[in-house]
Number of protein chains: 2
Amino acid sequence: MTQPHPFYAAHEATLQRALTAIAERTYWSAYPESPSPKVYGETAAADGEAAFRAYLGADFPLDQPGTTDRVATESSPFGVALDVRYPHVTDLDALITAARAGMRAWRDAGPQTRAGVCAEILDRLHRNVFELAGAVQFTTGQAFVMAFQAGGPHALDRALEALAYAYAEQVRTPASAAWEKPAGRGEPLRMTKTFHVAPRGVALVIGCNTFPTWNSYPGLFASLATGNAVVVKPHPRAVLPLAITVRYAREALADAGFDPNLVTLAAEAPDERLASVLATRPEVRIIDFTGSTAYGDWLEANARQAAVFTEKAGVNTVIIDSTDDFVGMCRNLGFSLTLYSGQMCTTPQNILVPAGGIETDQGPKSFDEVAGGIADAVRKLTADPARGVELTGAIVNDGVLRRLEAAGGVGDVVLAAQEVKHPSFESAVVRTPTIVALGADAAETYGEEWFGPVSFVIATGSTDESIRIFRRVVGDKGALTASVYSRDEAVLDAVEEAAVEVGVHLSTNLTGGVFVNQSAAFSDFHASGANPAANAALTDGAYVASRFRIIQSRR
Amino acid sequence: MTQPHPFYAAHEATLQRALTAIAERTYWSAYPESPSPKVYGETAAADGEAAFRAYLGADFPLDQPGTTDRVATESSPFGVALDVRYPHVTDLDALITAARAGMRAWRDAGPQTRAGVCAEILDRLHRNVFELAGAVQFTTGQAFVMAFQAGGPHALDRALEALAYAYAEQVRTPASAAWEKPAGRGEPLRMTKTFHVAPRGVALVIGCNTFPTWNSYPGLFASLATGNAVVVKPHPRAVLPLAITVRYAREALADAGFDPNLVTLAAEAPDERLASVLATRPEVRIIDFTGSTAYGDWLEANARQAAVFTEKAGVNTVIIDSTDDFVGMCRNLGFSLTLYSGQMCTTPQNILVPAGGIETDQGPKSFDEVAGGIADAVRKLTADPARGVELTGAIVNDGVLRRLEAAGGVGDVVLAAQEVKHPSFESAVVRTPTIVALGADAAETYGEEWFGPVSFVIATGSTDESIRIFRRVVGDKGALTASVYSRDEAVLDAVEEAAVEVGVHLSTNLTGGVFVNQSAAFSDFHASGANPAANAALTDGAYVASRFRIIQSRR
């Protein structure tokens, strides 16, 4: 067995710390989330922005097989011209052949070397995190700080978490074993056994529009670390963050002596349906996808040759029963609804409140007062456009705008969406959230996902009915998050039991600086795989274990 | 958190030893494989046989919901009348409702208690292992020693191995964690996180005719240990071994204070297609199946609501290039072909030999001499019917007889199958193996599985061509085992590389007491999940990790 590549030694301490973190699941982070110059240096932000701007209106520096002309498909929610021209995949056979060419050497390099190279890729992305943040900001419409955090350090943390699980899973079986079975009075039976980690094949990562790095990194690094080649198919409106990712991945692979084509970008022209074509290629054996339920279901049904990991739509739900901190509750929920204009797969949509109102530290509050309290919190956060846009960012695409418009007609508008003029980007499409009150009988409306800045405050007969609605809607449609506010332990226990049964992660009485739509890598699981919103969790043993196989040889 | 049930303490040392074994994968066994009175006591064999015989011609003692009348569907390959009458499942809703009723208490009991109860079930089965062996022998046609070993200790070892993986997977995430995130100069953010192990739902185990316990136990115990209820659907011709299993499982569950309906038997009348009906029930979320490729593929395509683990047909292949021990090679292969009349999913079928012959310790041997040497070894083992039947056992069903008959017409018969009169069971259906020589161009014949005592010695142009055929046939049709004989390291390496690429476990130069068709629990993996013969391996992390989900609650 050859020695691991020096990249392994360079990143071994980080990897070991990550292994401890996933075993403890207490707080840890490898990549600082503050974009402050004190952390990253005085020139880091400006240098990163310049690097980002240098990509605009130019050919993106990627030299890949299977591509001929160039495509530019992005359109910034901030109205900034991007016009980055990516290599256009026109010869899939050539792309896949190239992806596979380096797999044997990558496989034979072993788990340590692969982990080292993957950690080196993360390190290089981290060194260029402001460049990455700019790319995330201007393709997704996230405000800068969020684009930096969710698109940079948080995404890198999730990637490292997936890498740690993938590494642990591979080394739990020894590379070899000496087997000696007693045979009565005779000589024992002896065999030398070798356990090869064999990749599944080519892995396909299908990126999404809103979180191109955060949602793609776990699958990308879990597949790469387990020996597979990875083809990254970005969302046509959010290519740049993944193009930058692929660029640095290829450089690190090449520097370590491996074929850079182990990681490739599959950019497409509009309407080419490249994801579907790739997903059903026999060489593609793993698929990671984040996006619509319809397409996720299609992948699960049609990409039968592959292990398919999907994160789809869901109906995130809040149950409000009572609270000891009415102001904190409203502020916390208001922030969750406002952040990135509710365009997170984890943003609450349905807020279930008894029609008769609730008990609070400020005395009884009527249904309208609860709805109004949350609406006021949103108003406060968005009243000043200059501050508001730093939370809301911009609207990612027209589908969100259409839903926002439709929402005004389905119930009583508690809070109307406002069109906001962005102080820095005059063509930016900015909207504040809307909140609509519905009755419990409006299940046709609130029983579907309204992705974007649309939430419903739903008047139920009682908290018991709220729990029944929660069970039914999440059971049928799934959810990535759920939360409950109550000062009654019995209610908290009942909701926790319901959450476990319908398979959704639950947050309880969030009134401070932790928000239901944010999850912490190395501690919180994202999705569960136990309800229709996702068929797997990021990131656990089940997420990585079937990305490779053990092939045994005994002599 | 409540204390684990005392069954955990009772079996903790065994479980810990099993956890060590799966991490080392050196030799270990928990259940002695010798049926000797020195190991099991003077009266164990007779007592067990009596217990087995007491089941015959009687109502099997199982009291389950959803059943009304009784069914008897078994017919012994040894010609012994069985006529055991099992509860007939006629009300699936009632059965599934009953299976689910105890799941919450079982879930809340936690991984330790579940592991303890599962280990107790194994212990009780082991205490009744001779009874189990009789049931396996007379339903499968295995000779007694094999029925005892493969149906008893080896099956129990595999079950314990699966249990160990399942336990390890659940406890790798802590039950709870205190999360504290620094927040600049302010108070840190603090959350208490609880990680619930939540089962998938009802698990279905579909047993096979030939190895009712060995092939069913890993899935049964992996699912049960992770909190699922298990419905055991036995093969209609091999019900008794699983009925006995279910009986003792239910007793142990009840003794530990759990609902015995967490494990139920789903016996059916002929042609009820109960497996298909159960497999597509929405409550059924895990399926383990061993059997035909056609039915395994059907399950994978149609039981889309479930995680489906299948072991299907394959074409096990031997590459003979050269040998330092011609006699040992022929003897070893002859034994593998003779054992249980080749009715193992791991028995070699295709033996690839260069037409120009091979180099051996006895000088060059022609193709015919190699084929003849293996045939002689089989002849030697089967010449004396009394000794022969202790290896071959009986033919499990008519399908095997039909293939055996057909095999005589597809090539040059090197060794003809013989009808043997069993010295103890006059109606037993016993046949010795046939060996047929084919050319490399007969891929239509050798490219399919001929389950039973049929093997082909195939004349190839060279070892290189043998490797190409191996790659092609195993790549297309899959295999559970492969082996190679060569004294050339380059050939061994080339075959090992081919084996890793097509995803089949390889044995090299077996000439002694280890046989390609036998795998050792805790050391060898059975199947790989990397070729068409199976979509999973018994038993590794991937086999257990998706049988449950982690649902998180944070306060």
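All values reported here derive from a predicted model rather than from experimental measurement. Below, read A as the first sequence line, B as the second, and so on, with proteins coming before strands; counting in each chain starts at 1.
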Which one wins on heavy-atom pair count under 4.5 Å against chain A: [options]?
options: B:Arg555, B:Arg549, B:Arg554; value: B:Arg554
options: B:Val504, B:Ile22, B:Val171; value: B:Val504
options: B:Ser507, B:Ala177, B:Ser546; value: B:Ser507
options: B:Phe548, B:Tyr165, B:Tyr543; value: B:Tyr165
options: B:Pro199, B:Ala520, B:Ala301; value: B:Ala301

**Study point:** OG on B:Ser528 to NE2 on A:His196, rounded to 0.5 Å
**Key:**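 Rounded to the nearest 0.5 Å, the NE2-OG separation comes to 12.5 Å.
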Looking at [options], which makes the most heavy-atom pairs under 4.5 Å with chain B?
options: A:Glu496, A:Met191, A:Arg25; value: A:Glu496
options: A:Leu510, A:Leu492, A:Asp108; value: A:Leu492
options: A:Ala530, A:Gly529, A:Gly541; value: A:Gly529

Please flag which part of [X] lies under 4.5 Å from any non-hydrogen atom of chain B: side chain, backbone, both or neither.
X: A:Arg200; value: neither
X: A:Glu33; value: side chain
X: A:Asp524; value: both

Check your understanding: Which region of B:Arg285, side chain (C-beta onward) or backbone (N, CA, C, O), has a non-hydrogen atom less than 4.5 Å from a non-hydrogen atom of chain A, or is it both or neither?
Key ->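 Looking at B:Arg285, nothing touches chain A.
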Check your understanding: Is there any residue in residues 480-489 of chain B with a non-hydrogen atom under 4.5 Å from a non-hydrogen atom of chain A, and which ones are they?
Key ->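 Within residues 480-489 of chain B, the residues under 4.5 Å from chain A are B:Glu489.
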Point to revise | Neighbours of chain A found in residues 182-189 of chain B - heavy atoms under 4.5 Å | key: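 Listed by number: B:Pro182, B:Leu189.
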Any non-hydrogen side-chain atom of [X] less than 4.5 Å from a side-chain atom of [Y]?
X: A:Glu501; Y: B:Arg107; answer: yes
X: A:Val514; Y: B:Lys181; answer: no
X: B:Lys193; Y: A:His505; answer: no

Nearest heavy-atom neighbours spanning [X] and [Y]:
X: B:Ala178; Y: A:Thr26; result: O-CG2, 3.3 Å
X: A:Pro174; Y: B:Ala23; result: CD-O, 3.2 Å
X: A:Val500; Y: B:Ala198; result: CG1-CB, 4.1 Å

Review point. Is the count of non-hydrogen atoms from other residues, nucleotides or ligands lying under 6.0 Å from A:Arg471 atom CZ greater than 12?
Key: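 Count over threshold, so yes.
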